[in-house]
4 protein chains.
Amino acid sequence: MNGEEKKPVIDKRQKIMEAAVVVFADKGFYNSTVADVARSADVADGTIYLYFKNKDDLLISIFEHSMEMFIGTVRGELENIDNPRDKIRKFITLHLQLVQKHQNLAQVIQIELRQSSKFMKEYANEKFFEYLSLIQGVIEEGKEQGLFRASADPVILKRAIFGAVDEMALEWVLMRKKRYSIEEAADQLSDMFIRGIALL
Amino acid sequence: MNGEEKKPVIDKRQKIMEAAVVVFADKGFYNSTVADVARSADVADGTIYLYFKNKDDLLISIFEHSMEMFIGTVRGELENIDNPRDKIRKFITLHLQLVQKHQNLAQVIQIELRQSSKFMKEYANEKFFEYLSLIQGVIEEGKEQGLFRASADPVILKRAIFGAVDEMALEWVLMRKKRYSIEEAADQLSDMFIRGIALL
Amino acid sequence: MNGEEKKPVIDKRQKIMEAAVVVFADKGFYNSTVADVARSADVADGTIYLYFKNKDDLLISIFEHSMEMFIGTVRGELENIDNPRDKIRKFITLHLQLVQKHQNLAQVIQIELRQSSKFMKEYANEKFFEYLSLIQGVIEEGKEQGLFRASADPVILKRAIFGAVDEMALEWVLMRKKRYSIEEAADQLSDMFIRGIALL
Amino acid sequence: MNGEEKKPVIDKRQKIMEAAVVVFADKGFYNSTVADVARSADVADGTIYLYFKNKDDLLISIFEHSMEMFIGTVRGELENIDNPRDKIRKFITLHLQLVQKHQNLAQVIQIELRQSSKFMKEYANEKFFEYLSLIQGVIEEGKEQGLFRASADPVILKRAIFGAVDEMALEWVLMRKKRYSIEEAADQLSDMFIRGIALL
DNA sequence: TATGAATGAGTGTTCATTCAT
DNA sequence: AATGAATGAACACTCATTCAT
């Protein structure tokens, strides 16, 4: 009768993806069974196939869905900042924070999907490139404003920055006893990269 | 009795590992079968179990064996250099060159081994930490000599540098049409990191 | 209230059976899903279970319904004929014509239903025996009238005649490029059988 | 050391086919599981896949193997006979006898394979046509010798004869309480067909 | 009546591992 | 040491059937 009834159940597709993230993060994609995911999502095995073509599709769907969220968040935050130096710092901080907040998700994306040649080779990874191009944009902006070295190659450095930040995030996620804070890491990385591509 | 017997067969263990590297790089660890490896190594399926405890052990053995080679090579080269700045440049260049030279191996180590949280979690990865500590040592050396910023945290930055270099290498290996040379990448990275941690 | 309501929907049970015939003829009973049939009949999966106990029951219903039609048609036509020789010719011609006219149906009955010993064993096939007995009746009639050999055993020969005609029909249905007409086949068969059981 | 050791175990492929015939005859192809066959053959499930590509291939292999035996036997027997009339009688008798002797096999071939549109459509059935052509040859021979009617079409009648004999065989195999003997059936059929295509 | 989302038992097939030779 | 046939546990996926709406 009223708005409350519109979505009496949370989107089941979403529910399955969330359960899968936990399972995959825990046991790894190849060592998880579809039955594991189903049990964790509290649905029948067959139900998963109503929402996903197959097990691979489930992983890829998680990836795409998450990357959209990541990209949206990062892009939104960067828009409010003018200085490319601050943008780089923000980007790094945000990436680490997001990873911290969504640890299981980060683990699945980084380890289970991005690391798999099967997926990297067979599946054209547009979302990932979109994310990378955010960094490239910032570097180019800085070069145009005369803040960054003309010799800095945005195509190469975007990947280097991503690699560094992502590796930090990976370590941080896998580390049981945290030896440093996300903030420290963000500062160290930001300082290094900003100095590294600064004009002087 | 004569020369023929010197190395009648190359070490069969080695032969299997080399074949496995090719197979795993091509199809991925989880999508390769022990029979695939056996066929490629031109031995019987069962023979593999004379040299390796199981399929996982084969992957780990490849990793340890390769890391030893990597570490030995890098450590040897760095010993001949005095200036920590040059050492960083050398480290970066060498890592990229080694990856270029051993593409299949690099792919397996990077992608297939790191792929699974199973391996990252269950298998204490000493060789990897040893490799990382090489970078850390160089940074500490540079700080002691007053060449690098005191504020630079070697524990954090070793991982960042590794992450950046490794990501570049990964991209380079997976890229079909190479858009830049290993040398360019090495220069870009070296310039950035050296400036990034330099005193001024 | 008005003409529109006379047959607002063709009997839905009939509609499902007709759709099923097409689907089963195309893909085979065991390789067709209930969902296939439902889609083809333009009803929901569950609706099928309002009209049929289960998938098997659907097949058997098709069979019974068709056999009733077959038997009715054949019996009606034979009634108008006096001479047992002509009756045999009519029977053969009619069977082949009916198969030609209802190819999908014929295929399902012949192939898919007989296919499984499950059906042949578990399901007492009264309609089929009724059909067979039509032939037997004609032979007996001919023997009584002294037209057919006394040595001809109607119990055995009814089955032989049916087998021959049905095999011809099966071939004809499965043949893509028709190499002979139904009429030719009917003549050849009729000539053979009539001579075969004739007195002289 | 001697000939006894040549085949210490009966060909395992053969063993599996024989077990499968029993299982398929009992429960039907689609209602039998590979595990059923394995258990019956006293091998592991996986073993079946060392000898057959998949479950379908097992059925087809049974068919081809049996048809070769059938064809060989029939062809051999017919060679010793001169008169085409006697050849037809022999063919009919032999077919019925073979079916009687290999009841399970006959059931599988007739019902499970030949009756399945899936197999009839997808699998070009050379052995079956070879068998049919044996009959055709006999009819043509009889026509050349002036024993059979010129108006008899061998292409059509070979199928009719086969259909009649096969239907008799099917009935006989499925009949629990035998109401007539194989010999009676063979005589009835032979008499009918020989008279049916005879010159006078 | 009709729907179609959900179920979960069932199965073909794969493949790491063993072991008799 | 080496083989490769055999094993059988494991798993992704399908689909007949049900039932809340």
Colleague: Starting from P on E/dA16, measure out to CG on B/Leu50 and report it in whole angstrom.
Modeller: 17 Å

Colleague: I want to check a possible cation-pi pair here: C/Lys55 against C/Tyr49, using under 6.0 Å from ring centre and within 45° of the ring axis as the test.
Modeller: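 No, a cation-pi geometry is absent between C/Lys55 and C/Tyr49.
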
Colleague: Is there a donor-acceptor contact under 3.5 Å from the side chain of B/Ser66 to the main chain of B/Ile62?
Modeller: yes

Colleague: On DNA chain F, does the nearest nucleotide to A/Ser32 precede the nearest nucleotide to D/Asp42 from the 5' side, or the other way round? Give the residue.
Modeller: D/Asp42

Colleague: Specify the separation, in whole Å, of atom CZ of D/Phe52 and atom C1' of E/dT14.
Modeller: 18 Å

Colleague: Give me the first and last nucleotide of DNA chain F, going 5' to 3', that has any atom under 4.0 Å from a heavy atom of chain A.
Modeller: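 Taking any atom under 4.0 Å from a heavy atom of chain A, the span is F/dC11 to F/dT14.
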
Colleague: Considering heavy-atom distances to DNA chain E, does C/Ile48 or B/Gly46 have its closest nucleotide positioned more toward the 5' end?
Modeller: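 Looking at DNA chain E, the more 5' nearest nucleotide goes with C/Ile48.
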
Colleague: Once you round it to whole Å, what is the distance between C1' of E/dT3 and CZ of C/Arg39?
Modeller: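 Distance, rounded to whole Å: 16 Å.
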
Colleague: Measure the distance from CG on C/Asn31 to P on E/dT11 and round it to the nearest whole Å.
Modeller: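 In whole Å, E/dT11 P lies 15 Å from C/Asn31 CG.
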
Colleague: Output, in order, the C-alpha distance, side-chain angles, deciding distance and verdict of side chain to side chain contact (heavy atoms under 4.5 Å, CB included) for B/Phe63 and B/Val108.
Modeller: CA-CA 8 Å; B/Phe63 177 73; B/Val108 171; over 6 Å; no

Colleague: Is any side-chain heavy atom of B/Asp56 less than 4.5 Å from a side-chain heavy atom of B/Phe29?
Modeller: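 A side-chain contact exists here, since the closest heavy-atom pair is under 4.5 Å.
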
Colleague: Given pairs defined as Watson-Crick or G-U wobble with both distances under 3.5 Å, what dot-bracket annotation applies to DNA chain F, with ( ) intrastrand, [ ] crossing, | other strand and . unpaired?
Modeller: .||||||||||||||||||||

Colleague: Of all residues at least two apart in sequence or in a different chain, which pass the salt bridge (charged side-chain N to carboxylate O under 4.0 Å, His left out) check with A/Glu18?
Modeller: none

Colleague: Which residue lies toward the 5' end of DNA chain F, A/Tyr49 or B/Ala44, if each is placed at its nearest nucleotide?
Modeller: B/Ala44

Colleague: Looking at every strand, decide which applies to A/Thr47 at a 4.0 Å heavy-atom threshold: base, sugar-phosphate, or nothing.
Modeller: base

Colleague: Are any side-chain N or O atoms of B/Thr47 and backbone N or O atoms of B/Val43, one a donor and one an acceptor, separated by less than 3.5 Å?
Modeller: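 No, because the side chain of B/Thr47 does not come within donor-acceptor range (under 3.5 Å) of the backbone of B/Val43.
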
Colleague: Do any pairs count as a salt bridge (Lys or Arg N to Asp or Glu O under 4.0 Å) and have a residue in residues 40-54 of chain B, sequence neighbours left out, and if so which ones?
Modeller: none

Colleague: Tell me every residue that passes side chain to side chain donor-acceptor pair (under 3.5 Å) with B/Glu68, counting only those two or more places apart in sequence or in another chain.
Modeller: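 Scan of B/Glu68 (side chain to side chain donor-acceptor pair (under 3.5 Å), adjacent residues dropped) gives B/Lys127.
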
Colleague: Nearest whole angstrom, please: distance from the C1' of E/dC15 to the CG of B/Leu58.
Modeller: 15 Å

Colleague: Could you pick out which residue, A/Tyr51 or D/Asn54, lies toward the 5' side of DNA chain E when each is mapped onto its nearest nucleotide?
Modeller: A/Tyr51

Colleague: Could you list the residues that satisfy side chain to side chain contact (heavy atoms under 4.5 Å, CB included) with A/Ser61, not counting sequence neighbours?
Modeller: A/Arg13, A/Met17, A/Phe52, A/Asp57

